[in-house]
Amino acid sequence: MRQFSLMRLMGAGLLLGLSWAVTAKAEPLAKDLFGAQKLPAATAPASYGFYSKGCFAGGIAIAPDGNHWQAMRLSRNRRWGHPDLIHLLERFSRDAAADGWPGLLVGDISQPRGGPMLTGHASHQIGLDADIWFTPMPNRRLSIEEREKVSAISMIRKDSLYVDENRWTAAHANLLRRAASYPQVERILVHPGIKKKLCDTVQGDRSWLRKIRPFWGHDYHFHVRIGCPKGSVGCKSQAAVPQSEGCDKSLAWWFTEEPWRPATGPQEPKARDVMTMSALPAACRVVLAAPSPPSEAAVTLVDAADAPSYAAAAPKPLQPAADPASLLHSLQPADIPRPTPRPYR
Ligand SMILES: [Zn+2]
C-alpha cells in the first residue's frame with residue numbers, strides 16, 4: 001500500500017511538473033499579442049524601447065489615400081505610427097509631389113500598437129519606421145485588390161549588386177534627397193547598389209548621403225527611420241550615423257563576398273518567434289492593456305477633403321485616456337541590443 005501511495009504521489013508530482021512545463025511553454029509570444037491589435041492605445045503618443053524591440057502608444061494611421069499617396073497592402077493593418085512619423089509622411093508626400101514625383105506608394109509602417117510582427121520586419125516596432133516603394137504612384141487610384149497584389153519593381157539589375165540603369169532615374173535620387181532633408185529622419189535604408197549609385201552621381205550638396213545607409217534588401221522600397229520623438233523618454237535612440245558620406249570602405253565591404261555568404265551552422269530562431277512580453281519594455285504591457293479610440297477614422301490622418309478615402313470620417317484629435325506619466329514609471333532600465341544585421345527573410 002505504501003508503495004502504491006508513493007507511486008501515486010510521484011505520478012501526481014509528475015503531472016504537476018508536466019502542467020507547469022506546459023504553462024511555461026504557453027507564455028504567449030509578443031508577436032501574437034501585438035499582431036492581434038486592431039486599434040492603437042488611446043493614450044498620449046510615446047514610443048517605448050528600440051526599433052526592433054518595443055511598442056508605442058497614441059498611434060495614428062495614415063489614410064489609405066491622400067492627394068499624393070496611396071497606402072499598399074491594406075489587409076496587413078500596418079498603416080500605424082507615432083503621430084510625428086505619420087505627419088512627416090504626409091508632408092513628405094506633398095514635398096515630393098512638388099519636386100515632380102508622382103506620389104508615394106506607402107508600404108508597411110507599424111501595427112496599431114507596434115511590437116513584433118507575425119511576418120516580415122524585425123524593426124518597425126515603435127512607430128518610427130516606414131517603407132516607401134521605389135515604384136512611383138500611378139495616376140489612378142489602385143483598387144483594394146490591386147494594393148494587395150501589385151508588386152514593386154526592383155531598382156537592382158537581376159543577379160547583380162548594381163542599379164538597373166533602365167529603371168533608376170534622377171527622380172529616384174531626388175526622392176531620397178527629399179526624404180533625407182528632414183531633421184527628424186536619422187537614416188534611410190537602401191540596397192548597397194543604390195547607395196553606390198548616389199555616391200557616384202550626386203552633385204552639389206552631398207551631406208545628406210550620410211543618412212543613406214546600405215543594407216540587405218531595400219531594392220524594392222526604401223526604409224525611412226526617424227529619431228526618438230521629443231517626450232518619448234522610454235525610446236532608445238540608435239547610435240548616430242557617422243559624419244562622413246559613407247562612400248568609403250564601409251560601402252566597399254558590401255561589394256565583397258562576405259556580406260552575401262550564406263550563414264553557416266544551425267539556424268537561430270528569429271527574435272520574434274521567441275520574444276515574449278518579458279523581453280519588451282514593461283510599458284508595453286500597459287500599451288497592450290490601454291483602451292482603444294472610438295474608431296479607426298477618429299485616429300486616421302487624411303490630408304484633404306477632396307482626396308478619395310476609405311476613412312468614414314474626418315480625424316478628430318486624440319484625447320489622452322490615461323496619464324502618460326504612469327506609463328513612464330513602469331519602464332525598466334533599457335537593455336536593448338542592436339538590431340541583428342542579417343536579413344530577416
Ligand atoms: Zn522597412
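Starting from 1, each residue takes its place in the sequence as its number. Bear in mind the structure is a predicted one, so any value in this text is a computation, not a measurement.
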What distance separates [X] [atom1] from [Y] [atom2], expressed to the nearest 0.5 Å?
X	Y	atom1	atom2	answer
Ser181	Leu176	OG	CG	11.0 Å
Cys55	Tyr48	SG	OH	7.5 Å
Ile226	Leu85	CD1	CG	4.5 Å
Cys199	Leu251	SG	CG	5.0 Å

What's the shortest heavy-atom distance between Gly49 and Ile126, and which atoms?
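It is O-CD1, 3.8 Å.
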Heavy atoms only: give me the nearest Ala239-Arg187 pair and the separation to one decimal.
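That would be O-NH2, 2.6 Å.
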Check whether more than 12 heavy atoms from other residues, nucleotides or ligands sit under 6.0 Å from atom CD of Glu268, and answer yes or no.
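Open.
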Partners passing side chain to side chain contact (heavy atoms under 4.5 Å, CB included) against Ala252 (at least two apart in sequence or in another chain):
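Once residues adjacent in sequence are excluded, Ala252 has no partner under the side chain to side chain contact (heavy atoms under 4.5 Å, CB included) criterion.
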Side chain to side chain contact (heavy atoms under 4.5 Å, CB included) involving Met117 - partner list, sequence neighbours excluded:
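With sequence neighbours excluded, Met117 shows a side chain to side chain contact (heavy atoms under 4.5 Å, CB included) to Arg78, Gln111, His121, His124, given in chain and number order.
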Could you check whether any side-chain N or O of [X] sits under 3.5 Å from a backbone N or O of [Y], counting only pairs where one atom can act as donor and the other as acceptor?
X	Y	result
Gln125	Ser52	yes
Trp216	Pro259	yes
Arg91	Tyr182	no
Glu148	Leu74	yes
Lys195	Leu209	yes
Gln184	Gly227	no
Ser232	Cys235	no
Glu90	Ile86	no
Arg113	Val287	yes

Report yes if the distance between the aromatic ring centroids of His218 and His223 is under 6.0 Å, otherwise no.
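Yes, the ring of His218 comes within the 6.0 Å limit of the ring of His223, centre to centre.
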Could you note down all residue pairs passing salt bridge (Lys or Arg N to Asp or Glu O under 4.0 Å) where residues 166-177 supplies at least one of them, sequence neighbours left out?
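Qualifying pairs, neighbours excluded: Asp164-Arg167.
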Kindly confirm or rule out a cation-pi arrangement of Arg225 over Tyr51, judged by NZ or CZ under 6.0 Å from the six-membered ring centre and within 45° of its axis?
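Flagged: Arg225 positioned over aromatic ring of Tyr51.
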Measuring only between side-chain heavy atoms, which start at C-beta, is [X] closer than 4.5 Å to [Y]?
X	Y	value
Leu280	Met275	yes
Trp69	Leu105	no
Val302	Ile62	no
Glu245	Arg206	yes
Lys236	Cys228	no
Asn139	Pro102	no
Leu104	His68	no
Thr119	Lys31	no

Does a salt bridge link Lys197 with Glu165, judged by any charged N lying under 4.0 Å from a carboxylate O?
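Result for this pair is yes, salt bridge flagged.
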Is any side-chain N of the basic residue among Arg76 and Asp108 closer than 4.0 Å to the acidic one's carboxylate O?
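So Arg76 pairs with Asp108 through a salt bridge.
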Quick one: ring pair (Phe, Tyr, Trp, His ring centres under 6.0 Å) partners of [X], sequence neighbours excluded?
X	value
Trp208	none
His172	Trp101, Trp168
Phe34	none

Here's a test for you: under side chain to side chain contact (heavy atoms under 4.5 Å, CB included), which of Ile194, Ile153, Asp219, Thr169 qualifies with Phe134?
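Of the listed options, the one satisfying the test is Ile194.
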Qualifying residue for salt bridge (charged side-chain N to carboxylate O under 4.0 Å, His left out) with Asp65, from Arg141, Arg140, Arg79
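Testing Asp65 for a salt bridge (charged side-chain N to carboxylate O under 4.0 Å, His left out) against Arg141, Arg140, Arg79 leaves exactly one candidate, Arg141.
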